[in-house]
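Okay, so here's the structure we're looking at.
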Number of protein chains: 2
Amino acid sequence: MSIAQEKDLRSVGGSEAVAEGQFAAKSPRERILIAARDLFYRHGVYAVGVEAIAEAALTNKMTLYRHFKSKDELIVTYVQQLADEGDDVLNRILAENVDSPQKQVDAWVDFVEDVLTNKLERGCALANAAVELDTGHPARAVIEAYKQRKHDRLVGLFRAARYRDPGLLADEVFLLFEGARISIQCGGKGPASRVVGMLRGLLSSRPRLVEA
Amino acid sequence: MSIAQEKDLRSVGGSEAVAEGQFAAKSPRERILIAARDLFYRHGVYAVGVEAIAEAALTNKMTLYRHFKSKDELIVTYVQQLADEGDDVLNRILAENVDSPQKQVDAWVDFVEDVLTNKLERGCALANAAVELDTGHPARAVIEAYKQRKHDRLVGLFRAARYRDPGLLADEVFLLFEGARISIQCGGKGPASRVVGMLRGLLSSRPRLVEA
DNA sequence: GTTACCCGGTACCGATCGGTAACATACAGC
DNA sequence: GCTGTATGTTACCGATCGGTACCGGGTAAC
């Protein structure tokens, strides 16, 4: 089956008909971004043409180019959207557990477990995009800034939870997570499936600062 | 500068003229594989066309297709070559330290350090290829088998060095390494640069089995 | 010499790529 | 009614993609 023929965006919402109705009710720009997100992630940004995206978005190439001046700009928007959502998810996790940094850590690990067991057939969409994109592509800056920000926030989280040497711990946790995501699609599915247990062990056995 | 115009394969050997002479002296098939390896790694397998490879190999498209029946077959050969070399490197490291499993472990970490500090502008070539290639591509099987093999050999190495729970240790080391390689090109160069120290700390502090 | 083989060069194929021009339609505000 | 804006439709552009046909030259075997 060719990429252009794929139209199974029903999985975005609940039941098929309702989801397809909700999808068709959105603006063309939203539909394009949803379709691009799905196709870019499943096949890569290079393998997917703009025409395939437009068709999957129930529109056409002209409308796509009325909202995005080029495919590269669409890629940047796609990447920016993923980065924003990643920030939002972490914001929500932290906000829902403001009373206790330890609960924030635990909630984040629960989220990681959810990511690694459910939505991860093809690894981290941002990392995948970075692999495909040339060094000078504007989307690369967005990706690198997001990953840097994510790492820094982990450091802050572990410091708030009073771990000793939070920088080192954040490095380990960050790299284990990234390694698990890339490993899912290139063999070694075993190690990736065991990373959550490793994280929990790491975070429970790591020395903390004593209370003042 | 377009990809097709890049011809700086002088870096493959020593001085420019000598290296270029050595390069030209090789068979067309060898030159094609060298050029493909360089271009595929730097720009990705999708972004590089067969014509650019042929030009960089100082030959033409017809000769390329006399040695490889399709671009996909060239990709498979490219990936297989990388996997074989990865196996060979590990074989050599283990063979040079057969007298002591601990020395084998140390030598492997030295090798990892070398990889992460020198040859790693764009991460693991096999992982990058896996990201680009569709799930059904024949090269994917080669990559997954290699990564699985590599992980299993790490388990054996750590078991030989009498580490307690070598499977868990291999998981951690494997994922940290993979995470570092993917992180090099998408932000977080910091964590990747510190992974060697992390590995050394991990391997020195991990409990061992006592001698019988 | 002659045969056989490998390689370089060129021109070409159909398909698809990203991107655009031109026109028709629908619908909002007023 | 009219007008402006957003969208759908079609056809098209030049460029490049992977892949091939054809021809000519170099060279080693014998």
Side-chain angles (χ1 to χ4, degrees), chain A residues 1-7 20-21 23-36 39-40 43-79 129 132-134 136-139, chain B residues 1-7 9 20 23-36 39-40 43-79 129 132-134 136-139:
Chain A
M1 180 175 59
S2 87
I3 294 173
Q5 292 171 341
E6 298 183 23
K7 290 185 185 173
E20 193 151 347
F23 180 67
K26 294 181 186 295
S27 75
R29 188 172 199 276
E30 286 177 295
R31 296 201 306 265
I32 289 167
L33 281 173
I34 293 172
L39 293 175
F40 280 164
H43 305 283
V45 292
Y46 262 106
V48 175
V50 288
E51 188 122 38
I53 296 172
E55 283 187 23
L58 307 180
T59 177
N60 52 54
K61 204 161 49 165
M62 265 315 299
T63 299
L64 188 151
Y65 276 101
R66 287 189 187 109
H67 291 282
F68 306 93
K69 44 182 276 194
S70 68
K71 182 183 180 180
D72 279 330
E73 191 183 285
L74 175 59
I75 291 174
V76 171
T77 308
Y78 158 72
V79 162
E132 282 195 88
L133 268 30
D134 228 50
H137 196 287
Chain B
M1 178 177 61
S2 86
I3 295 173
Q5 292 171 341
E6 296 183 21
K7 292 186 183 172
L9 288 173
E20 191 152 349
F23 180 68
K26 294 180 186 297
S27 75
R29 189 173 199 276
E30 285 177 296
R31 296 199 307 265
I32 290 168
L33 281 173
I34 292 172
L39 293 175
F40 280 164
H43 305 282
V45 293
Y46 261 107
V48 176
V50 289
E51 188 122 38
I53 296 172
E55 282 187 24
L58 307 179
T59 178
N60 54 51
K61 205 160 49 165
M62 263 318 297
T63 300
L64 189 152
Y65 276 101
R66 288 189 186 108
H67 290 282
F68 305 93
K69 46 181 274 198
S70 69
K71 183 183 180 181
D72 280 329
E73 190 183 285
L74 175 59
I75 293 174
V76 172
T77 308
Y78 158 72
V79 161
E132 283 195 87
L133 269 30
D134 229 50
H137 195 286

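For the numbers below, each heavy atom of this structure counts, side chains included, while hydrogens, waters and symmetry mates do not. Everything numeric in this text was worked out from a predicted model, so none of it was measured. Numbers restart at 1 for each chain; the letters A, B, ... are given by sequence-line order, proteins then strands.
- Taking only side-chain nitrogens and oxygens, Thr59(A) comes nearer than 4.0 Å to OP1 or OP2 of dG8(D).
- Using a distance-only test at 3.5 Å, with no hydrogens or angles considered, no donor-acceptor pair links the side chain of Glu73(B) to the main chain of Ser70(B).
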Could you list, one pair per line, each protein nitrogen or oxygen that sits under 3.5 Å from a nitrogen or oxygen of nucleotides 18-21 of chain C, together with the distance?
unit_1	atom_1	unit_2	atom_2	d
dG18(C)	OP1	Lys71(A)	NZ	2.6
dG18(C)	OP2	Val50(A)	N	3.0
dG19(C)	OP2	Tyr65(A)	OH	2.6
dG19(C)	OP2	Lys71(A)	N	2.7
dG19(C)	O5'	Tyr65(A)	OH	3.4
dG19(C)	N7	Lys61(A)	NZ	3.0
dG19(C)	O6	Lys61(A)	NZ	2.2

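- Residue Lys26(B) contributes atom NZ, which lies 21 Å from atom P of dC6(C) at whole-angstrom precision.
- In this entry the distance linking CZ of Arg66(B) with C1' of dT10(C) reads 12 Å, nearest Å.
- Atom CG in Leu64(A) sits roughly 16 Å away from atom P in dA6(D) (whole-Å rounding).
- As a whole-Å value, the separation of Asn60(B) CG from dC6(C) P is 15 Å.
- Side-chain N or O atoms of Glu55(A) include none that pairs as donor or acceptor with a backbone N or O of Ala52(A) at under 3.5 Å.
- Paired with Pro28(B) under the rule side-chain contact (heavy atoms from CB on, under 4.5 Å), one option of Thr63(B), Leu64(B), Leu33(B) passes, and it is Thr63(B).
- The phosphate of dC6(C) (OP1 or OP2) has no side-chain N or O of His67(B) nearer than 4.0 angstrom.
- A distance of 10.5 Å separates OH in Tyr65(A) from CD1 in Ile32(A), rounded to the nearest 0.5 Å.
- Rounding to the nearest 0.5 Å places NZ of Lys26(B) at 5.0 Å from CD1 of Ile34(B).
- Here the NZ atom belonging to Lys71(A) is positioned 11.5 Å from the NZ atom belonging to Lys61(A), to the nearest 0.5 angstrom.
- Arg31(B) has a side-chain polar atom (N or O) that falls below the 4.0 Å cut-off from OP1 or OP2 of dG8(C).
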